[in-house]
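All remarks here apply to the structure that follows.
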Amino acid sequence: TEIYTLSLHDALPILVTQVIGILIQHLGNDSNDCVRSTSAWAISKVASAYPAIIQRDTNAVVTALVAGLSNPDPVIAYYSCFALLEILTCIYPGRQEESTNELSSIFLPLFNELMKAVTRDDADMSKLRITAYETINRLFENAPLDCLKQMNEFIQPFLSQLESSFNLNVDEDDQRQMQAYIPLVLQTITKRIGNDIAAQAKPMYDTLTKVFTTRKVIVDEALTAIATLFEACPQLVKTVFSSFTPYFLAALQNFQDVSILKSALFCLGSLCDALEEDLFKFDNGTLCDNIINTLRSHLQNPVVDQEMRPLIISSFGDIAMAIGGYFNKYFSDFYSVFCAASDITIPPNETNEDHIDYVITLREAILDAVPPAMHAMCAAQKQQDFIGCLGKLVPFMQCLWYDHDYRTRNIVSSMIGLLGDLLSNIVPVMDKTLVQQLLAMPFVREMVDHGMHKSPNPDTKEIAQWANQQLQSVMK
């Protein structure tokens with residue numbers, strides 16, 4: 001009777017705790033398939049709202065759901081699978097660095113049942129196949145470290161499944177599902193096991209690019225999986241670079257599809273990390289010319305989705321960091337991009353939150369891209385060319401500093417770092433009169449002092465202390 005004296009907020013967890021065993025019983029034994037599927041659905045809601053209740057006996061709940069996953073009725077199987085997805089999502093995130101946990105003992109049997117689900121003849125009904133792949137992916141994302149060796153062993157079965165999707169007899173919808181979700185799972189495995197994937201990297205690359213050749217179109221999930229593969233196994237890039245370039249450029253030029261363009265920009269970052277100066281040197285800049293021209297064309301095209309622009313500007317920084325002094329060839333392009341982007345403002349009394357978020361993201365991208373461009377010009381012994389852009393850069397920084405309403409922590413930290421870079425690399429070769437004018441600007445000292453004494457971020461404090469050392473050095 002005490003439960004009736006409690007508020008609904010306090011009473012509900014007690015009721016749910018009492019009913020979870022009943023739901024498990026109905027899922028396993030009820031003669032009515034509708035009751036069984038509804039019981040699985042209810043367990044998924046408990047996992048989402050009260051994960052701690054599930055955790056009191058996770059194995060019992062998972063065991064019941066795995067049994068439901070193998071039920072001949074695809075609706076029961078789907079809701080059981082969805083409940084497993086919710087449990088993995090709500091109970092295990094952030095635990096992947098644990099050496100072992102309760103997932104370890106059920107990892108293999110759960111994976112095997114999920115793989116049976118994706119290959120069922122009726123897997124296309126009730127979104128069972130899609131949900132099973134999503135659950136496998138979440139299982140791999142959150143599994144503890146003692147499961148990584150088994151993940152490596154699963155690569156070949158997934159490649160075989162992906163290979164089977166190229167069969168002309170496969171239903172088109174099934175083919176698209178497999179060619180979207182299997183690369184997603186392979187990407188997750190790659191992230192988890194890192195360079196341990198090296199032995200299977202080339203077969204993975206060959207199978208993933210076959211998606212492009214059979215579909216005659218770039219598929220973003222496969223492209224993103226390849227980019228992740230390049231990050232984990234940079235030695236693969238030089239081996240396949242010539243064959244990969246046409247796919248990459250086709251994706252980079254496809255501004256009509258945001259997902260594909262975003263994957264291409266992610267892939268560009270992976271190529272920059274893996275190749276460094278060879279990105280320019282392997283064909284004496286022909287590819288880089290193509291990339292820079294494509295990026296500039298996108299920024300000048302009003303049809304290109306606005307959310308792509310900060311990512312594109314960040315890509316200029318990736319290229320500068322990779323090719324170093326060779327970026328001198330593209331500095332005028334970068335400076336034009338910087339000028340146009342830095343002129344985009346947030347009007348007084350702006351109420352459009354999307355525009356505010358866009359401009360802030362744009363500013364953060366600019367501040368991230370300028371230091372690599374600066375270091376590239378220094379490597380090319382072209383500091384004087386960079387000095388020419390200070391007439392635009394310094395007022396931009398000053399404007400951001402005094403724009404208190406939209407001065408994010410990232411902006412503050414990036415500007416302090418940029419100031420330190422200027423003091424260290426550019427100021428020593430500047431005319432003394434210009435140096436005095438820069439150092440006399442109040443915001444210079446204000447930024448450093450803020451970073452050292454007011455910022456709650458320890459990384460910003462460290463950057464500010466370094467910038468202060470550079471400031472003291474040039475003031476001597």
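Computed over heavy atoms, backbone and side chain alike; hydrogens, waters and symmetry mates excluded.
- Distance CG/D33 to CD1/I76: 4.0 Å, rounded to 0.5 Å.
- A donor-acceptor contact shorter than 3.5 Å links the side chain of N352 to the backbone of H355.
- Distance check, rounded to the nearest 0.5 Å: CD of Q177 to CG of D171 gives 8.5 Å.
- With rounding to the nearest 0.5 angstrom, the CG atom of L159 is 11.0 Å from the OG atom of S164.
- Between the T131 side chain and the L128 main chain, no donor and acceptor come within less than 3.5 Å of each other.
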side-chain contact (heavy atoms from CB on, under 4.5 Å) evaluation trace for I226 with Q187: CA-CA 8 Å; I226 291 171; Q187 180 189 0; over 6 Å; no
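- Residues T213 and Y247 have side chains that never bring a donor and an acceptor to within less than 3.5 angstrom of each other.
- Within a 6.0 Å sphere centred on CG of D121, other residues, nucleotides and ligands contribute 12 heavy atoms or fewer.
- Note that SG of C272 and CE of M321 are 9.5 Å apart. Values are rounded to the nearest 0.5 Å.
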Full working for side chain to side chain donor-acceptor pair (under 3.5 Å) between Y92 and N101: CA-CA 10 Å; Y92 292 100; N101 59 38; 5.7 Å; no
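- Two rings, from F111 and F140, have their centers less than 6.0 Å apart.
- Around CD of E350, the count of heavy atoms belonging to other residues, nucleotides or ligands within 6.0 Å exceeds 12.
- For the atom pair SG (C288) and CG (L279), the distance works out to 4.0 Å, reported to the nearest 0.5 Å.
- When every heavy atom of C90 is checked against every heavy atom of A47, the shortest pair comes out as CB-O, 3.4 Å.
- In Q300, the CD atom is crowded: over 12 heavy atoms of neighbouring residues, nucleotides or ligands sit closer than 6.0 Å.
- Sequence neighbours left out, the pairs with a member in residues 176-189 that pass salt bridge (charged side-chain N to carboxylate O under 4.0 Å, His left out) are E172-R176.
- Counting only N and O atoms by type, the side chains of E102 and T58 include no donor and acceptor under 3.5 Å apart.
- More than 12 non-hydrogen atoms from other residues, nucleotides or ligands lie less than 6.0 angstrom from NZ of K461.
- Using a distance-only test at 3.5 Å, with no hydrogens or angles considered, no donor-acceptor pair links the side chain of R138 to the main chain of T89.
- Judged by distance alone, with hydrogens and angles left aside, the side-chain atoms of S270 form a donor-acceptor pair with the main-chain N or O of A227 at under 3.5 Å.
- Aromatic pair F338/F396: centroids less than 6.0 angstrom apart.
- Shown are K210, Q179, R215, Q175; of these, the side chain to side chain donor-acceptor pair (under 3.5 Å) with S165 is made only by Q179.
- Using a 4.5 Å cut-off on side-chain heavy atoms (C-beta onward), S39 and Q25 make no contact.
- The closest donor-acceptor contact from the side chain of D30 to the backbone of R36 lies at 3.5 Å or more, if one exists at all.
- Taking the ring centroids of F230 and F244, they lie under the 6.0 Å cut-off.
- When atom types are taken as modelled, the side chain of R192 and the backbone of Q96 share a donor-acceptor pair closer than 3.5 angstrom.
- Atom-to-atom distance recorded for T38:OG1 and L23:CG is 10.0 Å, nearest 0.5 angstrom.
- In R95, the CZ atom is crowded: over 12 heavy atoms of neighbouring residues, nucleotides or ligands sit closer than 6.0 Å.
- A donor-acceptor pair is defined here as one N or O able to donate and one able to accept, closer than 3.5 Å; such a pair exists between the side chain of T63 and the backbone of N59.
- Taking the six-membered ring where tryptophan is involved, the planes of F158 and Y133 are tilted, since the angle between them lies from 30° to 60°.
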Residues L114, C81; criterion side-chain contact (heavy atoms from CB on, under 4.5 Å); working and verdict: CA-CA 8 Å; L114 289 166; C81 191; 3.9 Å; yes
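- Between the side chains of R56 and T17, at least one donor N or O lies within less than 3.5 Å of an accepting N or O.
- For CH2 of W41, the number of neighbouring non-hydrogen atoms (other residues, nucleotides, ligands) closer than 6.0 Å is 12 at most.
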